Each structure stands twice: as structure tokens, then as C-alpha cells.
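The structure under discussion appears below in the form of C-alpha cells.
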Amino acid sequence: MTAALDIRGLKKAFGPVEIIRGVDLEVRKGERHALIGPNGAGKSTLFHLISGRLAPTSGQILFEGRDIAGHAPAEICRAGLSRSFQITNIFPEMTVLENLRCAVLWKLGHRYSILRPVSGLADVAEDCARLLDQLRLSHRRDARADSLTYPEQRALELGLAVASGARTLLLDEPMAGMSHSETAQALRLIMEVTEGRTLLMVEHDMGVIFEMADRISVLVYGQVIATGTPEEIRRDPAVKEAYLGSTEEAA
Amino acid sequence: MTDNAINTPAQPRPLAAGLLWTGAALLLLVALPQVFPGRAAVSTLNYLGTMALFALSYNVLLGRTGLLSLGHATFFGLGGFIASHAVLAMADAGWSFPLPLIPAIGGAGAFALGIFGGWLASGRGGMPFAMITLGLAELVFAAAALFPSIYGSEEGIGIDRMDLGASFGLDYASAADIYAIVAVWLALCAAGLWFLAKTPLGLLMTAVRDNAERVEFLGFSARRIRMSAYAVAAGVAGVAGSLAALNFEIMTVHELGAGTSTLVLLMTYIGGTRHFLGPVLGAVVIGLMKLWLSDISPAWMMYFGLLFVFVVMAAPGGLAGILASGIGLARSGTLGAQAHLLGAIAAAGAIAFAGIVVLVELGYRAGLDAALGPDITVLGLGLNTQSAGSWALGTVLLLVGAAALRPLNARLADLRHSLAKTGETA
Amino acid sequence: MSIDVLAFSLLNGTLYGMLLFLLASGLTLIFSMMGVLNFAHASFFMLGAYLGFEFSQGLGFFPALILAPLCVGLIGAGVERFGLRRVHRFGHLGELLFTFGLAFVIEEAVQMIWGRSPQAYPVPAALDFTAFEIFGTGYPAFRLFMLAVSAAIFAGLALLLNRTRVGLIVRASLTHPEMVSMLGHNVPLVFMSVFGAGSALAALGGVIAGPILVTQPSMAAGLGPILFVIVVVGGLGSLGGAFAASLIVGFIQTFAVAIDFSVADAFGLIGVTAPPAALGALLRDVWNVSVSQVGPVIPYLLLVAMLIFRPMGLAGKRA
């Protein structure tokens with residue numbers, strides 16, 4: 001079976017500074033894979049490389065067996081891999097419904113159509129209603145996205161990634177900036193809407209990670225130093241030294 | 001543009017309201033030449049209708065897709081030249097082609113050119129887009145001098161719209177006949193653009209305006225969306241240019257120059273980019289002001305510029321935004337509580353404005369129009385460019401008005417804040 | 001082309017290119033640091049020419065060379081402080097529209113004050129002599145002076161950018177625009193200074209170019225688009241690219257004027273002296289096109305070619 005994502009020898013340098021220094025990472029189909037690592041380890045950069053925001057300096061990113069390294073974000077999304085952003089990246093002046101409509105148009109084959117009004121497309125309406133329901137945003141359907149509360153905006157951010165129908169999702173700190181109770185809710189939401197899909201997620205909340213992840217990879221200083229089940233990662237001496245040790249002291 | 005008073009959320013408009021609007025607009029189009037008969041008045045209506053369509057096309061870029069084009073007149077002008085040459089060629093060949101369909105040719109030509117131009121300009125939005133559209137417009141304008149057979153020389157390309165003969169029971173001798181053509185094309189194109197805004201492509205254009213990067217991560221090419229918007233805008237501008245050619249029976253290089261591009265930007269932005277009919281409002285107001293002000297003041301261009309800067313700085317929703325917030329205010333039921341402050345603000349604004357008018361008029365008389373002598377009547381006041389008192393009057397009016405505006409605006413904001421609070425608790 | 005025309009065109013092309021760079025550098029710095037494309041940049045150039053004219057009438061050319069840029073620099077700083085900063089909340093589109101409106105108002109104001117016809121802005125008497133002769137034709141000293149001033153500014157700018165702390169901040173902002181605000185520098189003050197300094201540079205260009213180019217209200221609208229071509233062709237935000245593009249455009253335009261050669265001449269070389277009667281009117285137009293006529297179009301053709309073949313510009317990295 002080919003992996004959902006198979007990253008080989010990926011490198012990215014900004015000028016003389018190499019941020020990603022040869023990452024090898026495999027994400028299996030259907031698994032929830034968490035990516036952890038100290039600040040500045042290159043997690044966000046790695047996400048940008050996979051999702052096409054940045055082009056790698058060298059190396060391969062095989063998505064379902066196909067090399068997508070250096071491809072445009074739109075192509076990668078069409079291939080079935082979408083992402084959410086750490087800093088909320090939605091359409092602020094459009095309503096929640098319009099946000100979701102944009103996200104489902106490609107998947108449903110309407111693309112750049114000018115034949116019928118969006119409001120008259122039954123499949124779009126149905127899909128959006130289902131998403132609104134799942135995201136618990138039905139009551140905010142016609143609110144402008146920038147008028148939503150922070151957790152609502154994060155839910156919409158997640159919704160945009162999910163709505164595009166991708167089989168693999170990259171979630172960049174979906175719980176960033178949330179309170180404890182909000183985090184618990186958000187986690188439940190993520191588990192629910194990503195059911196049956198492959199998930200690669202960056203998160204700082206260790207409780208969340210060890211609760212939800214099937215496997216964890218640890219990125220330190222631009223390299224993956226360990227991959228394994230939460231139990232294996234907990235026991236891994238290299239991880240303890242490089243990462244967990246320091247956070248335990250801080251906590 | 002995050003002003004909440006200006007950006008009312010896009011609510012799904014009930015069908016009944018839509019029909020009401022459509023009916024009212026059509027009725028207005030039919031009634032106007034009845035209300036304003038006379039050749040000169042109808043000719044003005046033709047001009048305003050043409051500019052309204054031109055501004056509507058421009059707003060596909062500026063308001064809908066968030067793209068600032070500085071060369072939109074290129075397609076207005078090229079559409080007009082294509083239409084003119086079509087009329088000339090068909091008259092030469094002795095074909096009978098219905099004159100009202102000529103704008104379709106101009107529009108199609110401009111659309112095709114718009115696809116190419118859009119391909120060049122649409123790689124990025126924002127500043128690069130603005131600069132590239134300016135460059136392309138200058139290219140076409142500068143190249144015009146090389147091809148006198150296409151663009152005519154100084155005097156332009158003239159046509160006789162009666163050369164194609166009568167059709168649809170009209171012989172196109174009178175301005176009223178042209179009005180029929182303008183009105184039908186305006187209604188058709190406006191309906192088309194309204195529909196476009198509702199389609200997936202229209203939604204995606206709004207999305208590109210809001211957050212072009214995110215659009216890419218949803219599987220779409222922002223470039224292709226920008227390019228589509230550009231081509232559509234070009235095509236409709238071409239129709240407008242064709243209408244101008246039929247109305248004036250002449251096209252000059254001036255029509256595709258920077259001045260025309262600036263005019264459409266002013267009309268659209270001052271009218272309001274976030275309301276569908278804002279550009280129409282702007283085209284009518286600015287068009288009328290242009291006709292009327294240019295008769296009574298040498299400074300009319302200056303007033304346009306100052307008005308534009310004022311709208312950019314203080315009322316980015318434009319006239320339509322001001323109207324909409326006025327209607328919102330009337331509906332909120334707090335107009336009575338705010339009336340005294342609003343009145344004071346209006347008075348202070350009027351004083352400051354009077355100061356500006358005095359200074360600008362004095363300035364023009366002292367500089368550009370010095371030959372007309374130092375005495376000048378401004379707003380009923382007898383002033384003299386050589387008297388310090390005249391200049392002081394303008395300065396004092398401006399400063400007093402401006403000084404009063406600041407605290408008044410702050411108080412209004414406070415009042416609205418507290419009104420909103422009591423509204424929530426009630 | 002004779003050798004003397006070649007020599008003069010080389011000199012004039014360099015001169016024109018340096019002058020363009022004087023403006024393009026300010027525009028690039030403002031764009032890179034503030035993300036604002038200043039549409040009024042050429043208007044500040046024009047204000048420089050007019051104020052230079054006005055001050056030289058009263059005080060002489062050399063005081064004007066200092067005073068006019070100073071005044072325009074202050075005006076520029078004021079524009080940033082009281083205008084641009086306020087529209088910042090409306091995003092880049094608001095800023096772009098603001099500077100566009102400003103350019104419009106400045107052009108009107110110039111007409112209001114000085115009228116629509118060109119000003120008689122003479123070459124200062126102290127520099128009104130022939131500097132040297134090549135092949136029997138004299139080269140005016142004033143042009144040499146212009147070249148010297150432009151070169152001096154260029155050198156000064158290079159020193160400032162490469163050797164000083166201010167330059168370090170500016171360079172940092174060129175490569176990492178988002179970083180500067182995090183460095184704890186007084187960003188509003190930096191912005192105001194950069195905008196003022198850029199405006200002053202443009203005005204300096206205006207003072208020295210005023211006597212040679214015609215000082216008239218349309219000079220801003222004529223030069224502005226050329227500047228944007230340079231900035232795009234050079235690669236947005238790249239000073240090196242802007243320098244190269246300035247010289248390229250300077251040479252192209254100078255040489256185009258100097259070359260007296262048309263399509264008809266080209267056919268003349270192969271013995272065809274009159275357009276075949278069968279050619280349409282359009283082709284007859286093409287037949288009559290001469291290089292000097294094409295001159296004004298070439299920068300824009302360069303822009304289009306660049307967009308097709310190298311959209312990131314000469315030195316641009318960010319596509």
C-alpha cells in the first residue's frame with residue numbers, strides 16, 4: 001500500500017540558512033499523524049512545503065505515490081490534499097455560507113461556472129448545510145466571517161480545509177490560542193469532521209497530541225528525529241533529551 | 001475597507017425585492033427621456049448612460065475582484081474604434097447591418113483583447129496589477145500615434161450612424177433613437193453583470209478580493225479568476241465605448257487615454273464600489289457635475305480630485321455607502337437622538353467646504369486666470385485676489401470648520417457607542 | 001549612425017538613465033519598506049521642478065538645488081503623516097487610491113498656481129557653457145553637472161545603504177519587509193522619513209531636470225508610467241534591478257530619438273522605395289513607422305515582453 005504522504009530527503013534553505021535539513025516522513029493512509037517539535041524546528045515551513053506555499057530546495061514529496069514537490073497550491077488541493085492555517089485564513093468580508101460555498105465549488109465540478117447562480121445549485125446547498133451542521137455554525141450562516149468569535153473562526157478555517165473534499169488534511173495548530181474548554185470542543189470537532197481521512201497535524205498541546213494521534217513525528221532543527229506511537233515517543237531517549245525534557249521543565 | 005456602517009453584510013435578497021428593483025430601474029430608463037425631452041437633454045442622458053455602463057464594467061474589477069486597473073479606458077476606446085471601423089466598413093460594403101447590434105462587435109473585440117491583456121496583467125493582484133494595467137494602457141495610447149489609419153490622427157475617426165440605414169423602425173437621426181440603444185444595452189449588461197455576481201465565478205471573484213491566497217488553497221487559480229474579471233470588464237467597457245461612438249459619431253485617441261481611465265476610476269469609487277448600483281450613481285453625479293461645474297468654475301477638476309481624496313480618506317464606501325448608512329440610520333430609530341450632532345457636523349463641514357471653495361477659486365483667479373483681473377465673486381461674496389482679507393476669510397472658514405469637525409466626530413462616535421449599548425440591553 | 005551621434009547618445013542615455021534611477025530608487029525604497037506604490041512620486045518630481053524654477057528666480061539656482069528638495073521632502077513627510085497613515089487601515093488598495101488622488105490634485109494645483117503653459121526655466125548662467133567638444137560638437141556643461149549630481153546621489157545612496165545603521169535597517173526591510181517592525185524601531189518615524197527622503201530625491205531630480213526637460217504640468221503624467229515600467233521590469237523592490245532597468249530605458253529612449261530610420265528605409269536598402277499599392281492603409285502606416293516614432297512605445301513593449309518571459313523582473317526573486 002502506498003502511503004498517503006511519503007517525504008524523502010526534503011530540504012529548504014532561505015539564502016544561506018537551511019531551515020528544513022533533510023526530512024524523511026511517512027504518513028500512512030487513514031492515520032492521525034501529529035508533528036511536534038520545539039519552536040523554530042521548521043514545522044510550519046514543512047507544512048508550507050507540502051501544501052505548495054513554498055517550493056523545496058531539494059527532495060521529494062510523494063502524495064499517494066505522485067511527486068508534488070514544488071507544485072502550485074491549487075494543483076495540490078485538486079490532487080486531494082488541503083490544509084488549514086495557523087493564523088486564521090478565511091474570507092473575512094464574506095458570510096460563513098459564502099466561505100463554505102467557495103470551498104466546495106471545485107469538488108462538485110462547478111469550478112468557474114457562469115451558468116447558474118450559486119444559490120440555485122442543489123448539491124452546493126446540500127453540502128454546505130451538512131458542513132454548517134457539522135461545524136456547529138448553522139446559526140451563524142449569514143454572519144460575516146470577521147464577525148465570528150475566535151473559536152467559530154477556527155471552526156470555519158477547519159471547515160474550509162475539510163470542505164474541499166481532500167483525502168488528506170494538514171492542520172496547522174488548529175487549537176492555537178484557545179482556552180482549555182474550547183480546546184476540548186475543538187478536538188471533538190476535528191475528530192468528527194476528519195473521520196475516515198488522513199490527518200497530519202501540528203499542535204503544541206501535548207495532552208491533545210497524545211490523546212488523538214495514532215503516530216507522532218518529532219521535528220527538531222529541521223530534521224525528524226523520531227517517529228512512532230505515542231508510547232514509543234514517550235519512551236524515546238532522543239526525544240526526551242531534545243524536546244520533552246525542556247518542555248517538562250518549562251511546565 | 002472594514003467600515004461596518006459601509007459594508008452591510010451581503011444578505012440574500014428576496015426575489016420580490018429583486019423584481020421591484022428591476023422594475024423600478026426599467027421604468028426609470030423608459031421615463032427619463034419623457035421627463036427630460038429636448039435634444040440636448042437626451043444627448044446628456046446618452047452620455048450618462050454610456051458612462052454608467054463604463055463604470056459598472058470597471059466595478060467588476062475594483063469592487064467585485066478588488067483590482068485597481070489604471071488603464072480601463074483602453075477597452076472603452078478600443079471598443080469604440082472597433083465599432084466605428086465596423087460601421088465604416090459595412091457602410092462601404094453596402095451591407096445592411098442593424099446599428100443597435102454594433103456594440104456587440106465592439107464588445108466582442110474588446111473582450112478578446114481583454115483576454116490577452118488579462119493574461120499579462122493577472123499574475124498578481126494589488127500594486128503589480130495596477131502598474132501593469134497602466135503600462136499596457138500607455139502602450140496602446142503611445143502606439144496609437146503610429147497607426148493613423150486605425151486611430152485617425154488628431155481629429156479621430158468619424159462615422160455617420162445613419163449610413164447603415166434604418167432598422168427596428170428607427171433611422172437613428174435623433175438622439176432619442178440612440179437613447180433607445182443605450183438604454184437597452186445598459187439594462188442588458190447590468191442584468192448580465194448582476195447575474196455574473198451570483199454565479200460561482202462571481203463568488204470566486206469576491207473571494208479573490210477578500211483573500212486571493214486562500215482561493216489558491218481551495219483548488220482555484222486566482223490568476224484565471226482575475227483574468228476572467230478583466231476580460232468581462234473589458235468586454236462591457238467595449239460595449240460602452242461603442243455606445244459612445246454611436247452617440248458622438250466620433251472616436252479620438254483621447255477616449256483611450258489616461259484621462260478617461262482616471263474619470264472612470266473617480267466615478268466608480270466616488271459612487272461606491274460595494275453596492276451594485278454605486279458606479280451608476282457615481283457616473284450620474286460626476287457626469288452631471290462635469291457638465292455643470294465646468295461651466296461655472298475653472299477649478300472643477302480640482303474639486304473632483306479633492307472629492308476623490310476625501311472619499312478615499314473619510315468615506316471609502318462612496319456615495320452609495322453614505323446613502324446606505326443614512327438609510328440604516330433612519331431605520332435604527334436613533335436618528336432623533338443623533339440629529340443635533342449630525343446637524344452640527346453638517347454645518348461644520350459646510351463651513352470648511354466653503355473655506356476650501358473660497359481658497360481654490362482665489363487660487364485659480366490669482367494663478368491660472370490672473371488675466372481676468374483680481375476681482376471675483378465666490379459664493380455670493382465679492383473677493384479680491386490681492387486683498388489679504390479675502391485669503392484670510394477662506395483660511396479662517398477652513399480652519400474653523402475643520403477644528404469643529406474633530407470633536408464633533410468624536411462625540412458622535414461616543415453617542416453611537418452608547419446608543420448601541422443601550423440598544424443591546426433593551 | 002555617425003560616431004559623434006553615438007558618443008552623444010551614450011552620454012545622454014547615461015544621463016537620462018541616471019535621472020530615471022534618481023526617481024526609481026526613491027519609489028523602490030518606499031515600495032519595499034512601506035508596501036506602498038507611490039503614484040504621486042512623479043508629482044513630487046514635478047513639484048521639485050516648479051519650486052526649483054521659483055527659487056532660482058528669487059535666489060538663484062544653487063540655493064534652489066537645496067531648498068526645493070527640502071520643501072518637497074517636508075511636503076512628502078506631511079503627506080505620509082496626515083494622509084497615508086490614515087488610509088493605512090483601508091489596506092493597500094486605499095493607499096494606492098490615496099496616492100493616485102494626490103497625484104491628480106498636485107497636477108491641478110500646479111496648473112492653478114503656474115498655469116498650463118511651460119515655464120521658462122533657464123539653465124543657470126554659471127553652467128551655461130560648453131564643457132567639451134567631440135568631433136566639433138559641444139557638450140553643455142549643465143548636462144555634465146546633471147550627470148555629476150545624479151552620480152553623487154547614487155554614490156551617496158550606496159554608501160548610506162551599505163555602511164550605515166540606517167542603511168542596515170533599510171536593507172533588512174528590502175529582503176524581509178515583515179521583520180523591521182519587530183526590531184523595535186520607531187516604524188512610523190522610519191516610514192515618514194523614508195517617504196520624505198524619497199520625495200526629496202524625486203524633487204532634486206526635478207530641479208536639475210527642469211531646465212532640460214520642459215517644466216510643465218504634464219511632466220508628471222508623462223514620466224510616471226515610465227517609472228512604473230522601470231520598477232516592474234527591474235523586479236519589484238530591487239534597487240539593482242531598478243538601476244539596470246533605468247539605464248536600459250534611458251538608452252533605448254535616447255537612441256531611438258537619435259536614429260533616423262524607418263521601415264520604409266529598410267525596404268529602401270533592398271531596393272523597394274514605395275509601398276506596393278496593394279497594401280492596405282494599416283500596412284502603409286507600418287511602412288511609415290520610424291524608429292524615433294517607436295521610441296515612446298519601446299519601454300512598454302519591454303514591459304510586456306518582460307511579463308511574458310520573466311514575470312519576476314530582471315532581479316526579482318519573488319514571482
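This one's a predicted model, so the numbers in the text were calculated from it and none came from an experiment. Throughout, protein chains are lettered first and strands after them, A, B, ... in sequence-line order, and every chain is numbered starting at 1.
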Q) Does C:S218 reach the main-chain N or O of C:A221 with its side chain, forming a donor-acceptor pair under 3.5 Å? A) no

Residue part contacting chain B, namely of [X], when any heavy atom lies under 4.5 Å:
X	value
C:I113	backbone
C:I298	neither
C:A103	neither
C:R116	both
C:V297	both

Q. Is a side-chain donor-acceptor pair under 3.5 Å present for B:T206 with B:R64?
A. yes

**Q.** ring-ring contact (aromatic ring centres under 6.0 Å, His included) partners for C:F195, two or more places apart
**A.** none

Q: Could you name each residue pair satisfying ring pair (Phe, Tyr, Trp, His ring centres under 6.0 Å) that touches residues 96-116 of chain C, not counting sequence neighbours?
A: C:F39-C:F100, C:Y50-C:W114

Q: Might you confirm whether atom CZ of C:R85 has over 12 heavy atoms from other residues, nucleotides or ligands at distances under 6.0 Å?
A: yes

(Q) Around atom CZ of B:F353, are there more than 12 heavy atoms from other residues, nucleotides or ligands closer than 6.0 Å? (A) no

(Q) With a 4.5 Å cut-off on side-chain heavy atoms, are B:L113 and B:I82 touching? (A) yes

Q: Check B:A366 against B:T385 and note the closest heavy-atom contact, atom names and distance.
A: N-CG2, 3.7 Å

(Q) With a strict 4.5 Å heavy-atom criterion, list every residue of residues 115-123 of chain B that contacts chain C, or say none. (A) B:W119, B:L120

Residue among [options] with most heavy-atom pairs under 4.5 Å to chain C:
options	value
B:P148, B:G126, B:A130, B:P128	B:P148
B:G125, B:A142, B:A370, B:A137	B:A142
B:D369, B:L265, B:L136, B:L62	B:L265

Q: Could you tell me which portion of B:L70 (side chain, backbone, both or neither) has an atom closer than 4.5 angstrom to a non-hydrogen atom of chain C?
A: side chain

Using distance only, find each side-chain donor-acceptor pair of residues 298-315 of chain B under 3.5 Å and give its atom names and separation, not counting sequence neighbours.
unit_1 : atom_1 : unit_2 : atom_2 : d
B:Y303 : OH     : B:E361 : OE2    : 2.8

**Q.** Reported OG1-to-CG distance for the pair B:T74 and B:L139, which is rounded to 0.5 angstrom
**A.** 9.0 Å

